[in-house]
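All chains are named by letter (A, B, ...) in the order of the sequence lines, taking the proteins before the strands, and each is independently numbered beginning at 1. Only heavy atoms go into these numbers, but all of them, side chains included; no hydrogens, no water, no symmetry mates.
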Amino acid sequence: MNNPDLRVSIGEIHMKNPVMTASGTYGYGEAYSDLYDVNFLGAMVVKGITPEPRKGNPPPRIAETPAGILNAIGLQNPGVEKFILDEVPRLMKLQVPVIVNMSANTIEGYQRLARRLDEVEGLSGLEVNISCPNVKQGGQAFGTDPKTAHEVVSKVRKETKRPIIAKLTPNVTNIASIAVSVEDAGADAVSLINTLLGMAIDIKSKRPLLGNVVGGLSGPAVKPVAVRMVWETAQVVNIPVIGMGGITSWQDAVEFMIAGASAVAIGTGNFTNPVAAVDIIDGICAYMKENNMEKTTDLVGKVSIETIE
Amino acid sequence: MNNPDLRVSIGEIHMKNPVMTASGTYGYGEAYSDLYDVNFLGAMVVKGITPEPRKGNPPPRIAETPAGILNAIGLQNPGVEKFILDEVPRLMKLQVPVIVNMSANTIEGYQRLARRLDEVEGLSGLEVNISCPNVKQGGQAFGTDPKTAHEVVSKVRKETKRPIIAKLTPNVTNIASIAVSVEDAGADAVSLINTLLGMAIDIKSKRPLLGNVVGGLSGPAVKPVAVRMVWETAQVVNIPVIGMGGITSWQDAVEFMIAGASAVAIGTGNFTNPVAAVDIIDGICAYMKENNMEKTTDLVGKVSIETIE
Amino acid sequence: MIFQESGLIAANESVGDRFYRMALFAPRTASKVKPGQFIHLKCSDTADPLLRRPFSVYDWDEKKKMITILYAVVGRGTEMMSKMKSGEKVNLMAPLGTSFSIDVNFNEALVIGGGCGIGPLLGLVKQLVKKGIETTTLLGMKTGQTSILIDDFLLAGATVKVATNDGSIGIKGHVTEFLENTEKKEKPDFVYACGPNPMLVSVQKWARKQHIPGEISIEEKMGCGTGACLSCACRIQSQDNEDGWDYKRVCVEGPVFSLEEVIFDE
Amino acid sequence: MIFQESGLIAANESVGDRFYRMALFAPRTASKVKPGQFIHLKCSDTADPLLRRPFSVYDWDEKKKMITILYAVVGRGTEMMSKMKSGEKVNLMAPLGTSFSIDVNFNEALVIGGGCGIGPLLGLVKQLVKKGIETTTLLGMKTGQTSILIDDFLLAGATVKVATNDGSIGIKGHVTEFLENTEKKEKPDFVYACGPNPMLVSVQKWARKQHIPGEISIEEKMGCGTGACLSCACRIQSQDNEDGWDYKRVCVEGPVFSLEEVIFDE
Ligand SMILES: Cc1cc2nc3c(=O)[nH]c(=O)nc-3n(C[C@H](O)[C@H](O)[C@H](O)COP(=O)(O)OP(=O)(O)OC[C@H]3O[C@@H](n4cnc5c(N)ncnc54)[C@H](O)[C@@H]3O)c2cc1C
Ligand SMILES: Cc1cc2nc3c(=O)[nH]c(=O)nc-3n(C[C@H](O)[C@H](O)[C@H](O)COP(=O)(O)OP(=O)(O)OC[C@H]3O[C@@H](n4cnc5c(N)ncnc54)[C@H](O)[C@@H]3O)c2cc1C
Ligand SMILES: Cc1cc2nc3c(=O)[nH]c(=O)nc-3n(C[C@H](O)[C@H](O)[C@H](O)COP(=O)(O)O)c2cc1C
Ligand SMILES: Cc1cc2nc3c(=O)[nH]c(=O)nc-3n(C[C@H](O)[C@H](O)[C@H](O)COP(=O)(O)O)c2cc1C
Ligand code: FES
Ligand code: FES
């Protein structure tokens, strides 16, 4: 049998395989370039960009938890202008779709970012991170309410012709309803999950282990929650779902795809195995071959559920 | 220095120490009685009881995940009448407060259970599990909406004079708002967290690893989420918070107490170390002694948060 | 009376294919365990993998204070176990679950084991032979690589017949093929079995047809191992219930059930 | 050029107190590493503990293709490492971060290490001595139990002064007490330091007062180790920024920073 066809399209983002990197765990693509040719990736999602530069949170910014990590980076980034100046020229030269993850404290901020990034050549898509606190409406994340999520995405939609991926937060009662809402607002895809809000305390000092008190949980610990949310979401939306949360092996990636993810992203997994993405691409390919699957659609969403009794 | 005073009261439930067992992980108190004297416990919470007998879900009912487990027992239990007949006589003889965890598909079901259990001697309190699906309103759990949560608890309040603990689900956008709501409805305490909804798929058979497709995630993996929720909740309610989720060691228990838990419950931890509860009681005692704490209030909620910058 | 014990590994050797035999110095367990009971073993010190793993006691020696388990490497826990060295300690809970009935008065027993299901059978066979019961053991294995297990049963004094998937030892095929060819005169008085579900289904059908009573040990995913969590439910016939069955716990009401009462999903 | 390498453990011995020295056959790292650089080591095969652990390279030998790390057992990861045996393999990423400047022309160097902070210093001292620089090493340790480390530095050709908390070897007290007593004429041309933050703060203050340039290696909790995650932020003076400082990455812009530019939270 021939090698299976691993190609996947997320809107107009054409990927040679379904494996992407998760925002915030891959810098601007330079950190892993010594270890392998990043052009092997399906797509690269770079660290969250904001309208203005952000210093980020005071350290410690990371804490280890059972099979997971808490992080509170605080969206440290040079701001959109410096990003365009310093990073984009290098990113443009890559043979891999580059997706910019963007965050803002206000809806206008998102609009401004989308407008500015739309002018920049060489970027393939925008991932709209609606997990950031909505400063105007009192600190709840934009992505926790279907209405505000809709508003952010539809406003961004007006500013860009690029594919929009809405990145959803898992800290909600009903993630599928948020997904439906952003689909309606014009998102070309949804990606999930962002991190689960968590906390850890040092019992000696009685102080939180993170400078920011609370942080986001990621890594293998969250995988069952992420798989469930991908499954729930994939059943109700007609746009592709990009699955992530605790993927460290090709088996994990295949599990997400069976649950309904058209593509997957590797986050924390990069830290433990710096060539995880490449290993996972190879593993998916071998799995598909072994199971006589010709294209990824033979795999995506194929969970077999019999209702017993 | 003398031994610290470990006593804690949850409403009229007077416990000799802050360590309880979590519902569903301790049967009706008989499973661990060979291993230690269960009267050592602060309190014992027994498996969820429903108005009618329930067979529970088809196997497999448990799946291991990174640092956690998924379970979908499906509230297998003999129903309230058989519970009173077969289990209560033995439970009554214990020198430890026994708390009955109760679940129903309808508000009337909760009322009926509360009324019936109120008549039974020898029970110390009711834990109202509002994490079960609300069949009448379409399957979302009662505990995911502050209004329905309020309604369940206030209706139960009318049926019993016993202390009521409202057991909250973590699968919500804002757990603190649910806690405030059930406090207002007359709950004497809140306990959190119940399990996080999750899923796992066998990539060979493409079938879910649980007979019930989805299940509840518990164990160390969820600890950071649970600690965060306890911390958020303890700041906004005036009733005691009972913390649980991934406690396997006394260090974990102390972490929850520093975050704001007046008492803690051990669930999945019993499976890996069957004498976990006893070890944890000892550990908390030693920690308090070493840190010159005389009573548990010297520990509860004492997280030290400095706002840097 | 359930207890925890720290077992000292005396030997942990490959016995062919994916199988290992681990001998543990575990005095309390060795003096209390009954055939068919199991231990719940902690195979890691970290939270991943989290749960204990259940294993039937393959053999034990009260005088030497030793127990042996026979296990197959099928996943992460058993993989970790296979790397343990003699001299290391492992925490276990014991003795758990129901045991095979051996206070019996009959003449001929048939003991059938397939794959990992051979795990609870050696101790049983030894007890039966000691009681003077004529014991035929049918062993189903993937290959002849695990032939050392055959010796275990021969040394115990049983008549042994073997079926292997690849035909490298004994007949080629499933162990249940022996049953189909069993003549009337060879009919045993009682049958004990453990193995994969399809094997147990065949044994159950055959025994029903032949009106032979028996007991089987079955497996289900476990949490606590002590009856607390209701994870290990299996369908068992029950008069208490209108529809004739109930979920019972493999760890308390099992793993040994009477052959007739187990309801398999087919 | 960062790479992954599978290091073969050649030795892993306790050197007293909580300290261990692990020697690894790691040809690529041994040929590329510079003093002050670190490796990111995977100390478990399971998801718990999850992250790699960073360790400075204590010493290396390009010809023998060996590197050595000096580590203290302070938590679960280092506990696991202390149980590893020679012959086992560990995955590492290397060579990471900035290195101490050794292409220098001065006569006298002062190298100060406290506790785990001794970790990156032996290789540095060897290089300095090789260049003919007169090198005084101040070592701060909890007890004299780790005196074998003193030998490492003496053999490297340095003058060594020791302070221990319990006074069992050298002076009793903190290593920084040597600085307070340093006479004008003993003033070194350059100072290198690694150790707990309070020690580095003292060194920084002293060096500022004495107008001595230098470099220090600092620690911060790490995720990736390669600059991707921004976990390891520390405050560094910066002209680019209005308020005069910026968060820099210990794993890329560090761990070795110039002594003046690091801003400690006091
Ligand atoms: C009462 C009882 C007695 C047993 N006795 C033996 C024995 O004597 N020898 C032996 O080799 N095995 C025995 N088993 C099965 C053994 O417990 C599993 O093979 C083991 O837990 C797998 O662990 P793992 O981490 O290697 O596999 P995992 O990585 O956890 O899973 C690998 C495979 O093993 C299966 N498995 C996992 N847990 C169980 C379980 N509790 N029961 C059945 N299958 C499981 C999984 O479904 C999966 O297919 C027994 C099981 C039970 C319930
Ligand atoms: C660039 C760099 C070089 C280092 N070189 C050495 C060395 O040569 N020798 C040595 O003994 N140690 C060194 N460390 C520290 C070492 O990485 C930690 O001691 C180790 O990660 C602790 O792992 P653990 O699992 O045992 O501890 P954990 O259980 O994770 O934590 C125990 C304690 O160690 C602290 N710790 C955990 N991770 C780090 C970290 N990345 N940096 C600092 N402290 C940490 C924790 O705050 C906690 O107090 C270095 C750290 C860095 C950042
Ligand atoms: C250190 C770190 C930084 C992150 N930064 C961002 C970010 O800037 N924007 C964003 O949308 N998600 C961010 N995330 C979330 C990840 O992209 C991903 O959604 C999450 O970590 C779950 O995947 P994982 O378990 O594979 O890491 C970050 C995660 C980590 C661990
Ligand atoms: C096997 C199992 C059964 C459970 N059954 C119940 C139940 O009947 N009622 C309930 O309120 N919670 C139930 N829970 C949830 C636990 O009481 C507890 O809230 C949760 O497991 C988190 O704690 P842990 O991580 O310590 O297990 C169950 C949990 C497990 C693992
Ligand atoms: S494994 Fe918990 S009841 Fe059987
Ligand atoms: S550890 Fe990830 S950037 Fe330094």
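When each of A:Thr248, A:Ile62, A:Thr25 is scored by its heavy-atom pairs under 4.5 Å with chain D, the top score falls to A:Ile62. Between chain D and the residues A:Gln76, A:Lys47, A:Glu64, the largest count of heavy-atom pairs under 4.5 Å involves A:Glu64. The greatest number of non-hydrogen atom pairs below 4.5 Å with chain A, out of D:Ala47, D:Ser231, D:Cys232, is found for D:Ser231. Put simply, of A:Pro53, A:Gly27, A:Ser33, A:Gly246, the one with the most heavy-atom pairs under 4.5 Å next to chain D is A:Gly27. Highest contact tally toward chain A, considering only D:Arg52, D:Lys221, D:Met222, is held by D:Arg52 [criterion: heavy-atom pairs under 4.5 Å]. Contact tally against chain A (heavy-atom pairs below 4.5 Å) for D:Leu51, D:Asp48, D:Thr46: the top residue is D:Leu51. Heavy-atom pairs under 4.5 Å with chain D peak, among A:Leu35, A:Thr268, A:Thr21, at A:Leu35. Contact count against chain A (heavy-atom pairs under 4.5 Å) is highest for D:Ala233 among D:Ala233, D:Cys234, D:Gly227.
Of the atoms belonging to D:Glu220, it is side-chain heavy atoms, and not backbone ones, that fall under 4.5 Å from chain A. Contacts of D:Lys42 with chain A are made by side-chain atoms alone, with heavy-atom separations under 4.5 Å and no backbone atom involved. With a 4.5 angstrom heavy-atom cutoff, D:Asn241 touches chain A only via side-chain atoms. With a 4.5 angstrom heavy-atom cutoff, D:Asp240 does not touch chain A via any of its atoms. Residue D:Met93 touches chain A through its side chain alone, counting heavy-atom pairs closer than 4.5 Å. Heavy atoms of D:Arg76 lying under 4.5 Å from chain A are absent altogether. For A:Tyr32, the part lying near chain D is the side chain, with the backbone staying farther off; criterion is any non-hydrogen pair under 4.5 Å.
Salt bridge D:Asp243/A:Lys55: present, at least one basic N to carboxylate O contact under 4.0 Å. Using a cutoff of 4.0 Å between basic side-chain nitrogens and carboxylate oxygens, D:Asp59 and D:Arg21 are not scored as salt-bridged. Ion pairing between A:Arg116 and A:Glu81 holds under the 4.0 Å rule for side-chain N and carboxylate O.
Pairing each heavy atom of D:Pro255 with each of D:Gly36, the nearest pair is CG-O, 3.6 Å.
Here the CG atom belonging to A:Leu75 is positioned 5.0 Å from the CZ atom belonging to A:Arg54, to the nearest 0.5 angstrom. D:Ser6 OG to D:Asn91 CG: the interatomic distance, rounded to the nearest 0.5 Å, is 6.5 Å.
Of the N and O atoms on the side chains of D:Gln37 and D:Thr98, not one donor lies less than 3.5 Å from an acceptor on the other residue. Between the side chains of D:Glu62 and D:Ser31, no donor N or O sits under 3.5 Å from an acceptor N or O. No side-chain donor from either of D:Asp166 and D:Thr143 sits under 3.5 Å from a side-chain acceptor of the other.
Note that D:Lys32 lies outside the cation-pi zone of D:Trp60, set by a 6.0 Å cut-off to the ring centre and a 45° limit from the axis.
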